[in-house]
Asks: 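Can you read through this structure? Questions will come right after.
Just so you know, these numbers use all the heavy atoms, side chains as well, and skip hydrogens, waters and symmetry mates. Worth saying up front: this structure is predicted, and the values here are computed from it rather than measured. Atoms within each ligand, like the ligands themselves, are counted from 1 in listed order.
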Amino acid sequence: MNIILLGPPGAGKGTQARILVEERGMVQLSTGDMLRDAKESGTEMGKKVADVMAKGQLVTDEIVIGLIREKLQTTEANGFIFDGFPRTLKQADALAELLEEMGQKLDAVVELRVQDEALVKRITARSTCGSCGEVYNDITKPIPADGKCINCGGSEFKRRADDNAESLRTRLMEYYKQTSPLIGYYYALRMHSRVDGLGEIGDIKAAVAEKLDA
Ligand code: ADP
Ligand code: ZN
């Protein structure tokens with residue numbers, strides 16, 4: 001089964017994707033993670049996108065479609081979770097073509113719906129473990145007092161360069177302008193369903209599962 005998790009920054013796509021990976025053995029393809037990896041390893045492309053990402057703007061369709069194409073061609077999986085991709089109509093068309101070339105198709109698109117005020121709160125409070133990627137939140141899930149990650153014991157935590165109020169404003173604008181039209185696109189294809197992304201992670205997980213298994 002191949003699915004898209006759709007939703008604004010901070011909606012919880014990454015969190016739900018990690019759960020699906022663990023519980024269903026699917027493979028998460030996050031273009032945000034791929035781009036951050038490229039930036040950290042200092043490739044030419046990574047240098048090119050760093051500034052665009054920090055500002056909260058979208059990287060070009062060519063770059064992200066290229067990243068996804070390469071991953072799809074080199075990864076064996078019994079199902080992909082697309083997280084942060086597609087973000088434009090052009091990317092959505094490209095994804096359909098890539099899957100078709102592989103003799104596969106998209107099965108479901110789950111939109112995680114969260115109001116802007118909650119997104120801003122979540123994102124400006126967010127940090128992650130530098131070793132395993134476990135996500136923390138200053139208010140709801142603070143880093144333990146002993147400074148060790150609950151998942152791996154690591155002691156380095158990072159905040160994303162684009163998790164600040166100004167860049168977030170741009171990311172939200174880009175989402176409503178460029179990405180939210182995908183809701184109608186997939187609705188017309190009868191693939192779209194919506195889940196309330198505000199609440200307990202376990203409840204949201206159950207709601208996502210209900211849509212996927214319907
Ligand atoms: P979030 O959803 O929290 O904003 P991501 O980790 O998915 O963050 O993406 C971070 C940044 O990477 C985006 O703001 C954008 O600059 C770039 N990016 C990620 N995926 C795409 C994409 N599919 N198309 C264009 N840019 C992307
Ligand atoms: Zn960790």
Side-chain angles (χ1 to χ4, degrees), residues 4-18 28-40 45-72 80-95 98 109 111-112 114 116 118-137 141-144 146-182 197:
I4 294 173
L5 292 178
L6 191 65
K13 304 181 295 287
T15 301
Q16 293 302 324
R18 282 165 73 103
Q28 175 189 11
L29 297 184
S30 158
T31 41
D33 286 347
M34 293 175 204
L35 291 165
R36 278 184 289 277
D37 286 347
K39 193 182 100 184
E40 262 166 49
M45 186 268 280
K47 284 181 209 155
K48 219 162 81 185
V49 299
D51 188 46
V52 175
M53 289 176 74
K55 285 191 188 137
Q57 296 161 350
L58 292 190
V59 169
T60 64
D61 288 331
E62 287 68 31
I63 289 180
V64 288
I65 292 167
L67 284 170
I68 287 284
R69 177 185 293 119
E70 196 197 314
K71 282 280 179 201
L72 286 176
F80 291 103
I81 307 159
F82 297 95
D83 161 11
F85 179 92
R87 256 180 163 89
T88 63
L89 290 165
K90 190 156 174 223
Q91 292 175 24
D93 285 335
L95 177 60
L98 286 171
V109 177
E111 179 199 355
L112 294 172
V114 179
D116 286 1
L119 297 172
V120 175
K121 272 193 203 140
R122 279 186 186 180
I123 285 197
T124 48
R126 168 163 83 175
S127 59
T128 55
C129 170
S131 342
C132 78
E134 182 80 20
V135 181
Y136 294 89
N137 179 294
K141 186 180 160 190
I143 293 161
D146 67 1
K148 295 213 167 81
C149 172
I150 50 168
N151 183 49
C152 75
S155 57
E156 268 191 42
F157 300 91
K158 27 181 210 188
R159 274 182 207 273
R160 275 169 46 173
D162 59 348
D163 276 353
N164 59 72
E166 195 189 328
S167 156
L168 180 56
R169 215 171 309 126
T170 308
R171 281 152 71 200
L172 283 172
M173 267 253 284
E174 294 281 36
Y175 177 75
Y176 292 116
K177 251 192 344 209
Q178 311 225 51
T179 309
S180 68
L182 296 181

Asks: What protein heavy atom lies closest to atom 20 (N) of ligand 1? Include the residue and the distance to one decimal.
Replies: T31 OG1, 2.8 Å
Asks: Salt bridge between E134 and K141, side-chain N to carboxylate O under 4.0 Å?
Replies: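 Answer for the salt bridge query: yes.
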Asks: Between R171 and ligand 1, which residue portion shows a heavy-atom distance shorter than 4.0 Å: side chain, backbone, both, or neither?
Replies: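 Only the side chain of R171 comes within reach of ligand 1.
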Asks: Closer than 4.0 angstrom, basic N to acidic O: yes or no for R122 and D163?
Replies: no
Asks: Give the contacting part of E174 toward ligand 1: side chain, backbone, both or neither, where contact means a heavy-atom distance below 4.0 Å.
Replies: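 E174 to ligand 1: no contact under 4.0 Å from either part.
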Asks: Only one of V49, L67, T31 clears side chain to side chain contact (heavy atoms under 4.5 Å, CB included) with V59; which?
Replies: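 Among V49, L67, T31, the one meeting side chain to side chain contact (heavy atoms under 4.5 Å, CB included) with V59 is V49.
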Asks: Give the contacting part of R126 toward ligand 1: side chain, backbone, both or neither, where contact means a heavy-atom distance below 4.0 Å.
Replies: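 For R126, only side-chain atoms sit under 4.0 Å from ligand 1.
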Asks: Quick one, F85 and L95 - any side-chain contact, counting heavy atoms below 4.5 Å?
Replies: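 Result yes, sub-4.5 Å side-chain heavy-atom pair found.
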Asks: Round to 10° and report the angle made at the Zn ion (ligand 2) by SG of C129 and SG of C132.
Replies: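 SG of C129, the Zn ion (ligand 2) and SG of C132 span an angle of about 110°.
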Asks: Tell me the protein heavy atom at minimum distance from atom 18 (N) of ligand 1, and give that distance in Å.
Replies: L35 CD1, 3.4 Å
Asks: Test of understanding: given a 4.0 Å heavy-atom threshold, classify the contact between R160 and ligand 1 as side chain, backbone, both, or neither.
Replies: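 The answer is the side chain of R160.
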Asks: When rounded to the nearest 0.5 angstrom, what distance separates CE in M34 from CE in M45?
Replies: 10.0 Å
Asks: Under 4.0 Å from any heavy atom of Q91, which atoms of ligand 1 are there?
Replies: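 Within the 4.0 Å cut-off of Q91, ligand 1 contributes 22 (C), 23 (N), 24 (N), 25 (C).
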Asks: Quick one: does K13's side chain have a donor or acceptor within less than 3.5 Å of a partner on L112's backbone?
Replies: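 Side chain of K13 to backbone of L112, a donor-acceptor pair under 3.5 Å: no, none is there.
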Asks: May I ask which of I63, V59, I68 has a heavy atom nearer to atom 25 (C) of ligand 1 than the others do?
Replies: V59
Asks: With heavy atoms only and a cut-off of under 4.0 Å, state how L58 meets ligand 1: side chain, backbone, both or neither.
Replies: both
Asks: Short N/O distance, under 3.5 Å, between V64 and ligand 1?
Replies: no
Asks: Is the backbone of Y175 close enough, under 3.5 Å, to the side chain of R87 for a donor and an acceptor to pair up by distance?
Replies: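 Not a single qualifying donor-acceptor pair exists.
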Asks: Closest non-hydrogen protein atom to atom 16 (O) of ligand 1, residue and atom name please, with distance?
Replies: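 For atom 16 (O) of ligand 1, the nearest protein heavy atom comes out as Q57 O, 2.5 Å.
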Asks: Could D162 and R160 be called an ion pair, given the rule that one side-chain N must be under 4.0 Å from one carboxylate O?
Replies: yes
Asks: Charged N to carboxylate O under 4.0 angstrom, K90 versus E62?
Replies: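 Yes, charged N to carboxylate O under 4.0 Å.
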Asks: Should one rank K90, K13, R87, M53 by closest heavy-atom distance to atom 5 (P) of ligand 1, which comes out on top?
Replies: R87
